[in-house]
Amino acid sequence: QVQLVESGGGQVQAGGSLTLSCVASGRIENINFLRWFRQAPGNQRELVAAINSGGSTNYADSVKGRFTISRDNAKNTGSLLMNNLKPEDTAVYYCNADVSYYSGSPLLRRWEFWGQGTQVTVSS
């Protein structure tokens with residue numbers, strides 16, 4: 001299997017910045033696309049940003065111009081730079097990735113994985 005681990009969450013004042021990281025481990029051939037979701041208590045999980053293998057990106061309207069998603073293929077990592085944070089951004093943020101990998105056999109597999117989440121709290 002593949003494991004995704006998020007880090008970088010914390011508490012920040014409105015207008016501040018945080019950078020989230022997502023580290024993928026395993027016998028990874030390729031991360032086909034990487035996405036960040038977030039979920040506040042009582043709300044549905046929503047897509048925040050996505051990046052594909054070619055580096056093309058898209059963002060939710062609510063974060064466009066403030067957040068930047070990136071990836072480092074050599075290190076199997078992804079990042080989400082969050083600038084000008086607002087209280088409405090408070091949520092648990094999850095890394096999600098579609099990964100081609102090897103697990104206990106020489107056959108290549110492809111599956112979607114989720115990280116455990118990291119809390120982001122923005123005070124007013």
Side-chain angles (χ1 to χ4, degrees):
Q1 289 287 93
V2 172
Q3 184 179 28
L4 304 181
V5 178
E6 301 101 333
S7 63
Q11 301 178 20
V12 66
Q13 185 176 322
S17 299
L18 285 173
T19 299
L20 305 184
S21 296
C22 176
V23 179
S25 61
R27 298 174 60 192
I28 297 170
E29 175 69 21
N30 184 57
I31 298 177
N32 303 296
F33 62 81
L34 185 145
R35 303 183 293 184
W36 287 94
F37 290 79
R38 67 185 181 188
Q39 186 169 22
N43 292 354
Q44 290 188 323
R45 191 169 297 185
E46 63 176 346
L47 177 65
V48 176
I51 185 168
N52 68 13
S53 60
S56 296
T57 61
N58 60 75
Y59 300 90
D61 289 339
S62 60
V63 307
K64 193 172 299 181
R66 300 188 296 121
F67 291 11
T68 303
I69 188 172
S70 62
R71 60 188 289 169
D72 187 332
N73 294 329
K75 298 181 179 180
N76 288 324
T77 61
S79 296
L80 184 69
L81 172 61
M82 305 183 294
N83 291 322
N84 191 25
L85 283 161
K86 304 176 180 180
E88 307 93 270
D89 297 318
T90 295
V92 177
Y93 284 71
Y94 297 90
C95 180
N96 165 262
D98 184 276
V99 183
S100 298
Y101 69 103
Y102 298 93
S103 181
S105 80
L107 298 179
L108 186 66
R109 305 170 188 264
R110 179 171 177 170
W111 202 254
E112 182 178 316
F113 297 92
W114 290 87
Q116 83 288 348
T118 185
Q119 177 71 49
V120 172
T121 302
V122 184
S123 60
S124 59

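We use all heavy atoms of the structure for the numbers below, so side chains are in, but hydrogens, waters and symmetry mates are not. This one's a predicted model, so the numbers in the text were calculated from it and none came from an experiment. Counting from 1, the numbers follow the sequence of the chain as shown.
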*asked:* Give me the atom names and distance for the closest heavy-atom approach of Ala91 to Ala40.
replied: CB-N, 3.9 Å

*Measure the CG-CG distance between Asn96 and Leu4 for me, rounded to the nearest 0.5 Å.*
7.5 Å

*Looking at residues at least two apart in the chain, or sitting in another chain, which of them share a ring pair (Phe, Tyr, Trp, His ring centres under 6.0 Å) with Phe33?*
none

_Residues Arg109, Glu29: salt bridge by 4.0 Å N-O rule_ = no

*Arg38 and side-chain contact (heavy atoms from CB on, under 4.5 Å): which partner among Leu47, Thr90, Val63, Asn43?*
Val63

*What distance separates Thr77 OG1 from Leu34 CG, expressed to the nearest 0.5 Å?*
9.0 Å

*Any chance you could measure Leu81, atom CG, to Ser21, atom OG, to the nearest 0.5 Å?*
10.5 Å

*Any disulfide (SG to SG under 2.5 Å) pairs touching residues 16-99, not counting sequence neighbours?*
Cys22-Cys95

*Go through the structure and list residues passing side chain to side chain contact (heavy atoms under 4.5 Å, CB included) with Asn73, not counting sequence neighbours.*
Arg71

*Do Phe113 and Val48 belong together in a cluster built from hydrophobic side chains that touch within less than 4.5 Å?*
yes

Which donor-acceptor pairs under 3.5 Å do side chains of residues 7-18 form with protein atoms, sequence neighbours excluded?
from: Ser17; atom 1: OG; to: Asn83; atom 2: OD1; distance (Å): 2.8

*Can you sort out the partners of Val5 under side chain to side chain contact (heavy atoms under 4.5 Å, CB included), two or more places apart, ordered by chain and number?*
Gln3, Gln116

*For Val92, check side chain to side chain contact (heavy atoms under 4.5 Å, CB included) against everything at least two apart and list the hits.*
Tyr94, Gln119

*Can you tell me how far CZ of Arg35 sits from CG of Asn58, rounded to the nearest 0.5 angstrom?*
9.5 Å

*In Å, rounded to the nearest 0.5 Å, how long is the span from OG of Ser100 to CZ of Arg27?*
13.5 Å

*State, yes or no, whether a side-chain contact exists between Ile28 and Val2 at a heavy-atom distance under 4.5 Å.*
yes

*asked:* For the residue pair Asn76 / Ser25, report whether a side-chain donor-acceptor contact shorter than 3.5 Å exists.
replied: no

*Is atom CH2 of Trp111 surrounded by more than 12 heavy atoms (other residues, nucleotides or ligands) closer than 6.0 Å?*
no

*Is a side-chain N or O of Tyr59 found less than 3.5 angstrom from the main chain of Arg66, in a donor-acceptor match?*
no

*asked:* Tell me whether Asp61 is salt-bridged to Lys64, with the criterion being a basic N under 4.0 Å from an acidic carboxylate O.
replied: yes

_Heavy-atom side-chain contact between Val99 and Arg110 under 4.5 Å_ = no

*Search all heavy atoms of Tyr93 against all heavy atoms of Leu80 and return the closest pair with its distance.*
CD2-CD2, 4.3 Å

*Please walk me through it: do Phe37 and Arg45 pass side-chain contact (heavy atoms from CB on, under 4.5 Å)?*
CA-CA 6 Å; Phe37 290 79; Arg45 191 169 297 185; 3.6 Å; yes

*Could you walk me through whether Ser53 and Asn32 pass the side-chain contact (heavy atoms from CB on, under 4.5 Å) test, one step at a time?*
CA-CA 5 Å; Ser53 60; Asn32 303 296; 5.6 Å; no

*If you round to the nearest 0.5 Å, how far is OG of Ser79 from CG of Leu20?*
8.5 Å

*Would a line drawn from the ring center of Phe67 to the ring center of Trp36 be shorter than 6.0 Å?*
no

